[in-house]
Each structure stands twice: as structure tokens, then as C-alpha cells.
Amino acid sequence: MTGASSGIGEATVRRLAREPGVSLVLVARREDRLAELQAELGAERVSYVAVDLLDDDAPARVLDHVVERHGRLDLLVNNAGGTAPGPAAEMSAPSAAAVVNLNLLAPFYVAQRANAAMQEQEGGGTIINIGSTAERRPAPGTALYAAAKSGLHGLTRALALEWAPQVRVVQVSPGPVETDGSARHYGGDAAFAAASAQIGMGRFARPEDVAAACVLLASPGARYISGAELFVDGGGETPGWLTAIEALPGDDA
């Protein structure tokens with residue numbers, strides 16, 4: 001599980017830890033948080049690799065640890081990602097490369113190593129890439145993030161075909177996800193409530209909602225599902241043009 005120290009990653013770790021017989025390897029940069037999760041969930045079931053996935057040797061270090069400790073890898077959840085918002089016109093070349101590397105290339109390199117292990121083991125394995133509805137709903141300030149997540153969708157489809165039938169590759173793409181800082185990000189409680197009201201289900205996703213989707217796609221019942229993308233977006237958002245029209249003063253003519 002990459003990006004395991006907080007948010008969707010932490011929620012997925014906690015959800016998977018409830019499954020009987022599951023052993024987990026947590027991957028993130030924050031060693032202090034990984035150690036806390038290991039202590040809470042049990043060192044006999046949980047180990048971790050504190051690493052920055054942008055380092056060239058990180059994927060090899062992660063998969064070497066998994067194979068040495070467990071002898072096999074049944075599920076990879078490629079969750080690490082993100083971006084700092086900023087105008088596309090002002091983005092530097094190093095910043096642009098970092099966004100693409102973290103959200104597209106790092107998941108590919110980790111998946112590549114995971115596939116090598118899964119192809120050689122009985123029963124194969126499953127790779128779940130965590131995408132974003134930003135791929136189809138871009139917003140100002142996140143141009144390269146949206147492009148990278150679009151690329152991740154294409155990568156998921158291509159790898160599913162290339163690595164079948166031994167390895168399934170699927171994608172879970174959340175819409176807006178509620179975090180501790182959501183209200184602050186949207187400008188306060190009232191603004192956050194107004195943004196939440198635009199979602200079909202009347203609220204943002206919670207990390208646990210995304211975790212449940214991952215467990216669903218990792219289950220035996222999904223054994224014929226590969227190359228698919230599952231949107232966890234509460235039905236989507238009300239189109240901006242409709243909101244704008246509803247806000248217009250009434251026509252008294």
C-alpha cells in the first residue's frame with residue numbers, strides 16, 4: 001500500500017487489516033506515522049518501508065521487502081500521489097516533472113515490479129491504481145495533475161491487457177474527498193457545505209468510502225474485472241452552468 005500514512009491510504013490500510021489472514025506492507029515517506037500504524041495494528045501483521053517513491057531505487061526496495069518478508073504479493077494499492085495547486089503558466093519545469101513523476105511514473109514503476117512478482121506466483125495478483133475524477137473534471141490550478149491522472153487511466157487499461165490473465169489491473173477514481181482541512185480549503189464551514197451540496201449524494205466522499213471500493217475490487221467476486229475504472233464520486237457534481245442559471249433572478253416578463 002503506497003501513500004499509506006494518511007487519508008485514503010490510511011483508511012484502506014485499516015479496512016484491509018480487518019480481513020482475516022491479511023498481512024500488510026505500508027509504504028510512505030513519514031516513518032513516524034508508519035511506525036505508529038504498525039504498533040496499533042500489530043507488528044506480526046504489519047511492516048513498512050519508509051521511502052520517497054520519486055527516488056530511483058524506491059520501487060525495488062519496496063518489492064524486495066515484500067518478497068523477502070512474505071514470499072509473494074497478492075495486492076498492490078498504488079495510492080501515492082497529489083499536487084500543490086498553482087497556475088499552469090507559472091509552473092517550473094522541475095515542478096511539472098515532479099507532478100507527472102509522482103502521479104504517473106511512480107505508480108508505473110511500482111506496478112512493474114509488482115507484476116514481475118505476481119506473474120511468477122500461483123494465483124497471480126491484483127493491482128489497484130488510485131486515480132481521480134480530475135481526469136474528466138479538470139480545475140484551474142491542477143492542469144498537470146489532471147493530465148497525469150488521465151495518463152494513469154490509460155496506463156491501467158493498457159497494463160490490464162498486457163499483463164492478463166495472471167494479473168488484474170483496475171482503477172478507483174474518487175471525487176472530492178473530505179479531510180480534516182476540507183472546510184479551511186474551501187473557505188470555511190459555509191463554503192464547504194455549499195460545495196458538498198453540489199454532490200449527488202449530498203456530501204464529499206470519506207476516505208473509508210474509497211477504501212471500501214478497493215476492498216470490493218480486490219475481492220474474489222471481482223475476479224473477471226480488469227481494465228475497469230470505478231468512480232467513487234457520489235453520483236458526480238451538479239454542472240456549473242445549471243448552478244449559474246438557478247442563481248439568476250427570476251424572469252418577470
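For clarity, every value in this text was computed on a predicted model and none was experimentally measured.
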For this session: Please report the C-alpha distance between Val67 and Leu73 in whole Å, then the side-chain angles of each, then the deciding distance to 0.1 Å, and finally whether the side chain to side chain contact (heavy atoms under 4.5 Å, CB included) criterion is met.
Result: CA-CA 7 Å; Val67 174; Leu73 173 63; 5.7 Å; no

Can you tell me if [X] has over 12 outside heavy atoms packed within less than 6.0 Å of its [atom1]?
| X | atom1 | value |
| --- | --- | --- |
| Glu19 | CD | yes |
| Asp56 | CG | no |
| Asp189 | CG | no |

Does [X] reach the side chain of [Y], with side-chain heavy atoms less than 4.5 Å apart?
| X | Y | value |
| --- | --- | --- |
| Val167 | Val169 | yes |
| Leu54 | Leu102 | yes |
| Glu135 | Ser173 | yes |
| Arg29 | Leu53 | no |

Checking [X] side chain against [Y] main chain: does a donor-acceptor pair fall under 3.5 Å?
| X | Y | result |
| --- | --- | --- |
| Ser95 | Met91 | no |
| Gln119 | Trp163 | yes |
| Ser132 | Ala134 | yes |
| Glu178 | Ser196 | no |
| Arg69 | Asp64 | no |
| Asn129 | Val77 | no |
| Ser5 | Ala28 | no |
| Gln171 | Ile130 | no |
| Arg45 | Leu24 | no |

What are the two closest heavy atoms between [X] and [Y], and how far apart are they?
| X | Y | value |
| --- | --- | --- |
| Ser47 | His70 | OG-NE2, 4.3 Å |
| Val170 | Ser226 | CG1-CA, 3.8 Å |
| Val177 | Ser182 | O-OG, 3.8 Å |

Exercise. Looking at Arg33 and Glu10, does any basic side-chain N land under 4.0 Å from a carboxylate oxygen?
Worked result: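 Between Glu10 and Arg33 there is a salt bridge, with a charged N closer than 4.0 Å to a carboxylate O.
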
For this session: Validate the cation-pi geometry between Arg136 and Phe231: distance from NZ or CZ to the six-membered ring centre under 6.0 Å, angle to the ring axis within 45°.
Result: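 Yes; both conditions hold, so Arg136 lies above the ring face of Phe231.
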
For this session: Name all pairs fulfilling the side-chain hydrogen bond (donor to acceptor under 3.5 Å, both in side chains) condition that reach into residues 206-223, sequence neighbours left out, sorted by first residue then second.
Result: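 Output for this query lists Arg203-Asp209.
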
For this session: Apply side chain to side chain contact (heavy atoms under 4.5 Å, CB included) to the pair Leu37 and Leu26, showing each step before the final yes or no.
Result: CA-CA 9 Å; Leu37 285 168; Leu26 317 185; 3.9 Å; yes

